[in-house]
Amino acid sequence: MLIPRKFFARPSVEAAPDLLGSVLEHETADGLVAVELTEVEAYAGRSDPASHAYRGKTARNAVMFGPPGHAYVYFTYGMHFCVNVVCLGEEGSASAVLLRAGRVIAGEELACARRTRGTTAIAPRDLARGPARLCQALGIDRSQNGADMVSAGSPLRMLSGAGNPARSALLASGDETLIHPATPRRIVTGPRVGVSSAAEIPWRFWYDGDPTVSVYRAHVPRQPKPVTP
DNA sequence: ATGAAGATTGCCT
DNA sequence: GGCAATCTTCATG
């Protein structure tokens with residue numbers, strides 16, 4: 001069932017770990033893809049140097065200053081999209097949770113088609129393993145920026161882990177490995193990925209040992225172009 | 001107007 | 001493990 005909007009009406013640091021295990025669905029003309037979230041990161045907005053909202057409201061980050069439960073989608077590195085759910089701590093805090101990785105539990109064929117490059121096959125665990133991969137598997141791009149994710153009938157929606165349609169379908173199919181992952185569902189926390197400022201703050205949350213969690217990479221600043229002597 | 005860096009990924013050695 | 005791809009955004013001149 002749809003997650004109530006008030007779930008997101010609190011600081012992202014509190015909502016983030018509670019989001020693990022819930023389901024993100026996107027229904028398009030091509031079909032439905034659903035992902036069970038296994039890794040997220042909290043961004044505090046105005047008070048967080050690592051947040052896109054740290055320096056105030058701009059055209060790009062405007063959605064984060066709006067009501068909770070909406071999608072903040074941004075384009076980065078000239079080729080990737082990432083999706084956040086807007087939260088609400090203090091009024092205008094512009095906090096959000098970055099959805100970093102998950103397990104595809106419905107629409108695997110469609111997700112695979114969207115992710116496939118050339119002829120190389122992609123392992124199921126890698127379909128949504130990383131924030132840009134997750135968006136690609138779900139078909140999320142610029143046009144989903146600002147979408148309400150907790151409104152009935154929304155094509156892009158956040159569902160609680162128990163009782164959602166995709167999970168029910170799995171129960172019916174009897175696929176035990178997907179219903180009950182082999183790895184323990186213990187939540188652990190650590191530093192956020194690829195963040196240069198406030199890198200010591202452990203606001204990344206994930207399922208310990210889950211194979212769909214992205215590999216950690218510390219932030220590496222790119223070297224400037226060599227200057228001709 | 002201009003340029004540097006970026007909440008990343010995939011391919012190369 | 002290193003680096004290119006690729007383009008938007010924001011800060012600075």
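Every chain is numbered from 1 and lettered A, B, ... according to where its sequence line falls, protein lines coming before strand lines.
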- Message: Side chains of A/His52 and A/Tyr43 only: does a donor on one sit below 3.5 Å from an acceptor on the other?
- Response: no

- Query: To the nearest angstrom, how far is A/Tyr54 atom OH from B/dG6 atom C1'?
  - Reply: 17 Å

- Task: Identify whether the distance between the nearest side-chain nitrogen and carboxylate oxygen of A/Arg10 and A/Asp18 falls below 4.0 Å.
- Result: yes

- Task: Go through B/dG6, B/dT9, C/dT8 for me and flag the one nearest to the A/Ser196 side chain.
- Result: B/dG6

- Item | Contact under 4.0 Å: A/Arg133 side-chain N or O vs B/dG10 OP1/OP2 | yes

- Task: Mind checking A/Arg192 for me? I need base, sugar-phosphate or nothing, with any heavy atom below 4.0 Å counting as a touch.
- Result: nothing

- Classify the nucleic acid contact of A/Arg55 as base, sugar-phosphate or nothing, counting any heavy atom under 4.0 Å across all strands shown. sugar-phosphate

- Item | d(OH, A/Tyr72; P, B/dA7) in whole Å | 9 Å

- Task: Carefully, step by step, assess A/Leu99 and A/Val85 under the rule side chain to side chain contact (heavy atoms under 4.5 Å, CB included).
- Result: CA-CA 8 Å; A/Leu99 310 181; A/Val85 190; 3.9 Å; yes

- Task: Quickly work out the A/Ile122 CD1 to B/dC11 C1' distance and round it to whole Å.
- Result: 14 Å

- Consecutive-pair stems (3 or more, Watson-Crick or G-U, under 3.5 Å) for DNA chain C: B:1-6 with C:7-12, B:8-12 with C:1-5

- Message: Measuring only between side-chain heavy atoms, which start at C-beta, is A/Glu108 closer than 4.5 Å to A/Leu127?
- Response: yes

- Item | Touch class at under 4.0 angstrom, heavy-atom based, for A/Ala50 against every strand present | base

- Message: Work out how far the C1' atom of B/dA5 is from that of C/dC3, and round it to whole angstrom.
- Response: 16 Å

- Message: Quick one, A/Phe8 and A/Val86 - any side-chain contact, counting heavy atoms below 4.5 Å?
- Response: no

- Item | Spacing of A/Arg60 atom CZ relative to B/dA5 atom C1', expressed in whole Å | 11 Å

- Message: If you define the side chain from C-beta out and look only at heavy atoms, does anything of A/Ser95 sit under 4.5 Å from A/Met64?
- Response: no

- Message: So A/Ser214, base contact, sugar-phosphate only, or nothing? Heavy-atom distance under 4.0 Å.
- Response: nothing

- Task: Assess whether side chain to side chain contact (heavy atoms under 4.5 Å, CB included) is satisfied between A/Leu134 and A/Leu37, documenting all intermediate values.
- Result: CA-CA 10 Å; A/Leu134 181 143; A/Leu37 299 177; 4.2 Å; yes

- With sugar-phosphate meaning primed atoms plus P, OP1 and OP2, does A/Arg115 contact a base, only sugar-phosphate, or nothing at under 4.0 Å between heavy atoms? sugar-phosphate

- Query: Rounded to the nearest Å, what distance is computed from the OH atom of residue A/Tyr216 to the P atom of nucleotide C/dG1?
  - Reply: 13 Å

- Between B/dT9, C/dC10, B/dA7, which one does the side chain of A/Asn84 approach most closely? B/dA7

- Task: Would you indicate, yes or no, if B/dT9 has its OP1 or OP2 atom less than 4.0 angstrom from a side-chain nitrogen or oxygen of A/Arg217?
- Result: no

- Round to a whole Å and report the spacing from OH of A/Tyr74 to C1' of C/dC10. 16 Å

- Message: Measure NZ/A/Lys57 against P/C/dT9 and give the value in whole Å, please.
- Response: 16 Å

- Pair A/Arg46-A/Glu90, salt bridge (charged side-chain N to carboxylate O under 4.0 Å, His left out): steps then yes or no: CA-CA 10 Å; A/Arg46 294 306 302 270; A/Glu90 297 170 45; over 6 Å; no

- Query: Between C/dA4 and B/dA4, how far is it from one P atom to the other, in whole Å?
  - Reply: 16 Å

- Query: For the base of C/dA5, is there a side-chain donor-acceptor partner from A/Tyr77 under 3.5 Å away?
  - Reply: no

- Note on the structure: A/Met79 has its side chain closest, among B/dA7, C/dT6, B/dT9, to C/dT6

- Closest nucleotide of DNA chain C for A/His80 versus for A/Thr58: which of these residues is on the 5' side? A/His80

- Query: Could you give the CG-to-C1' distance, from A/Asn61 to C/dT8, as a whole number of Å?
  - Reply: 13 Å

